[in-house]
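Below is one structure, written out as structure tokens; comments come after it.
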Number of protein chains: 2
Amino acid sequence: MKKITLKKTYRYSRQRERLLAILRSTENHPTAIWLYDWMKPEFPSLSLGTVYRNLAILIEQGVVRKIDAGSTFDRFEAKTSPHYHLICRKCGTITDFEKRFFPEIDDEIRRSTDFTIEGHRIDFFGTCADCRGKS
Amino acid sequence: MKKITLKKTYRYSRQRERLLAILRSTENHPTAIWLYDWMKPEFPSLSLGTVYRNLAILIEQGVVRKIDAGSTFDRFEAKTSPHYHLICRKCGTITDFEKRFFPEIDDEIRRSTDFTIEGHRIDFFGTCADCRGKS
DNA sequence: CTACTTGCAAACTATTTGCGTTACG
DNA sequence: CGTAACGCAAATAGTTTGCAAGTAG
């Protein structure tokens, strides 16, 4: 009696296509407004609501991920390979760290808890090279 | 020419003392309102602003930590030993996972980046035992 | 005494939503 | 054509803040 995950279909939208393209082409981990400002010249009548609605859809599709970095606002990234984040406490910059040292970590936890683990996140907090110099 | 970390002193407050005591005595990872509701009987004129202000102070003192669990609201915990979180995607419950499998992880990253690492967090996402049964 | 903390209420801000219009399929 | 997606603006919701009054040191 297992429930089949229903595969919702979404209609094509130029705005959403562009949104994903931008997310995929940037090294940043943009906020909603950053994305909005970036798209605005191309879509003069774009609204923030549309950005948020499409981000939600892309997240549901599993191609975009929301990041909680302790800020008051959300950041987003196009989901690619698993990676970790280096979050600077001074300037808030998030840098990806591609190499995976601990691919076996999920299994390790699975063995010792009664929790169905789908994935994990590892974030490192500290000071980035740029900020270290500053007083 | 290194800047000395200034040690700000805080005046005693019954509300703050109680707040910390509650945070330390609970297994939950409470929200601000949960704490507010819990304290209200003892401090009938308590305001939410006071809860938030004191949480900020306790965080600055390093005895309380804010948790980003993907919700729209913040959760808090009294900082004790380092541990990981199991976050249930269905009910939002956060369970502590005390055992540390990877104490050496910070050093491992330090060796390969130009980032001053102060600490890290590891959160696991999935479904808790209670929610697994539900359709 | 004096200045940190509180309670109250108003302000803020990021995000969400209702509604009439546009446009994909 | 039917209905998902849009733009717009108003609504939410969690958190922060200004100010007058209370209180620790």
Side-chain angles (χ1 to χ4, degrees), chain A residues 6-23 28-61 63-77 87 92 94, chain B residues 6-23 28-61 63-77 87 92 94:
Chain A
L6 60 127
K7 200 106 185 160
K8 186 172 178 191
T9 63
Y10 297 97
R11 187 180 284 182
Y12 169 84
S13 116
R14 282 202 310 132
Q15 288 89 334
R16 182 157 67 250
E17 179 183 57
R18 200 68 193 89
L19 188 66
L20 181 56
I22 292 171
L23 268 167
N28 302 328
H29 299 73
T31 61
I33 298 192
W34 187 95
L35 291 162
Y36 171 79
D37 289 338
W38 194 259
M39 292 179 68
K40 195 70 176 173
E42 196 173 335
F43 302 87
S45 63
L46 180 70
S47 87
L48 250 180
T50 298
V51 172
Y52 278 110
R53 263 187 288 237
N54 279 318
L55 282 169
I57 291 176
L58 291 171
I59 288 171
E60 203 174 300
Q61 292 179 333
V63 289
V64 165
R65 204 185 277 157
K66 193 189 284 193
I67 313 172
D68 310 300
S71 317
T72 58
F73 40 80
D74 293 335
R75 290 171 169 276
F76 303 86
E77 67 180 352
I87 302 174
I94 302 177
Chain B
L6 60 127
K7 199 105 186 160
K8 186 172 180 190
T9 64
Y10 296 97
R11 190 179 279 178
Y12 169 84
S13 117
R14 283 202 309 135
Q15 288 88 334
R16 183 157 67 249
E17 178 183 58
R18 200 71 193 89
L19 188 65
L20 181 56
I22 292 171
L23 268 167
N28 303 327
H29 299 71
T31 61
I33 299 192
W34 188 94
L35 291 161
Y36 170 79
D37 288 338
W38 194 259
M39 291 179 69
K40 195 69 175 172
E42 195 173 335
F43 301 87
S45 63
L46 181 71
S47 87
L48 250 180
T50 299
V51 172
Y52 278 110
R53 265 185 290 235
N54 280 316
L55 283 169
I57 290 175
L58 292 170
I59 287 171
E60 204 175 300
Q61 292 179 333
V63 290
V64 164
R65 204 186 276 154
K66 193 189 283 191
I67 313 172
D68 310 300
S71 318
T72 58
F73 40 81
D74 293 336
R75 289 171 170 277
F76 303 87
E77 67 179 350
I87 302 174
I94 302 177

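Letters A, B, ... are given to chains in the order of the sequence lines, protein chains preceding strands, and every chain is numbered from 1.
Counting only distance, with no hydrogens or angles, the side chain of A:Lys40 and the backbone of A:Leu46 share a donor-acceptor pair below 3.5 Å. Within the 3.5 Å criterion, the main-chain N or O of B:Glu77 finds no donor-acceptor partner in the side chain of B:His29. Using modelled atom types, no side-chain atom of A:Arg16 and backbone atom of A:Asn54 make a donor-acceptor pair closer than 3.5 Å. The backbone N or O of B:Thr31 lies less than 3.5 Å from no partner atom in the side chain of B:Arg75, so there is not a single donor-acceptor pair.
Note: CD (A:Glu17) to P (C:dG25) measures 11 Å, nearest angstrom. Rounded to whole Å, the distance from CE on B:Met39 to P on C:dG7 is 8 Å. Rounded to whole Å, atom P of D:dG14 lies 14 Å from atom CG of A:Asp74. Taking atom CZ of residue B:Phe73 and atom P of nucleotide C:dT15, one finds them 15 Å apart after rounding to whole Å. Between B:Ile57 atom CD1 and C:dT6 atom C1' the separation is 11 Å, expressed in whole Å. The OH atom of B:Tyr12 sits 11 Å away from the P atom of C:dT6 (whole-angstrom rounding). Here C:dT15 presents its P atom at 11 Å from CG of A:Asp68, a figure rounded to the nearest Å. Put simply, CZ on B:Phe43 is 8 Å from P on C:dG7, counting in whole angstrom units.
For the OP1/OP2 pair of D:dC6 and a distance below 4.0 Å, the side-chain nitrogens and oxygens of A:Gln15 include at least one atom meeting the criterion. Of the side-chain N and O atoms in B:Ser13, one or more sit less than 4.0 angstrom from OP1 or OP2 of C:dT6. The shortest distance between the side-chain N/O atoms of A:Arg16 and the OP1/OP2 oxygens of D:dA5 is below 4.0 Å.
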Mind listing the N/O atom pairs, protein and nucleotides 16-19 of chain D, below 3.5 Å?
unit_1: D:dG18; atom_1: O6; unit_2: B:Arg53; atom_2: NH1; d: 3.4

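Taking CG from A:Leu35 and CG from A:Leu23, the interatomic distance works out to 5.0 Å, rounded to the nearest 0.5 Å.
The side chain of B:Ala32 approaches D:dT15 more closely than any other nucleotide in the set D:dG7, D:dT15, D:dC6. Ranking C:dT6, C:dT15, D:dT23 by closeness to the B:Arg11 side chain, first place goes to D:dT23. Distance from the side chain of A:Ser45 is smallest for D:dG7 among the nucleotides C:dC8, D:dG7, C:dT5.
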Original post:
Yes or no on side chain to side chain donor-acceptor pair (under 3.5 Å) for B:Tyr12 and B:Glu17, after CA distance, side-chain angles and deciding distance?
Top reply: CA-CA 8 Å; B:Tyr12 169 84; B:Glu17 178 183 58; 2.7 Å; yes
**OP:** Go through B:Asn28 and B:Trp38 one step at a time and tell me if the side chain to side chain contact (heavy atoms under 4.5 Å, CB included) criterion holds.
**Re:** CA-CA 12 Å; B:Asn28 303 327; B:Trp38 194 259; over 6 Å; no
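At a threshold of 4.0 angstrom between heavy atoms, the contacts of B:Leu46 are confined to the sugar-phosphate backbone, with no base atom among them.
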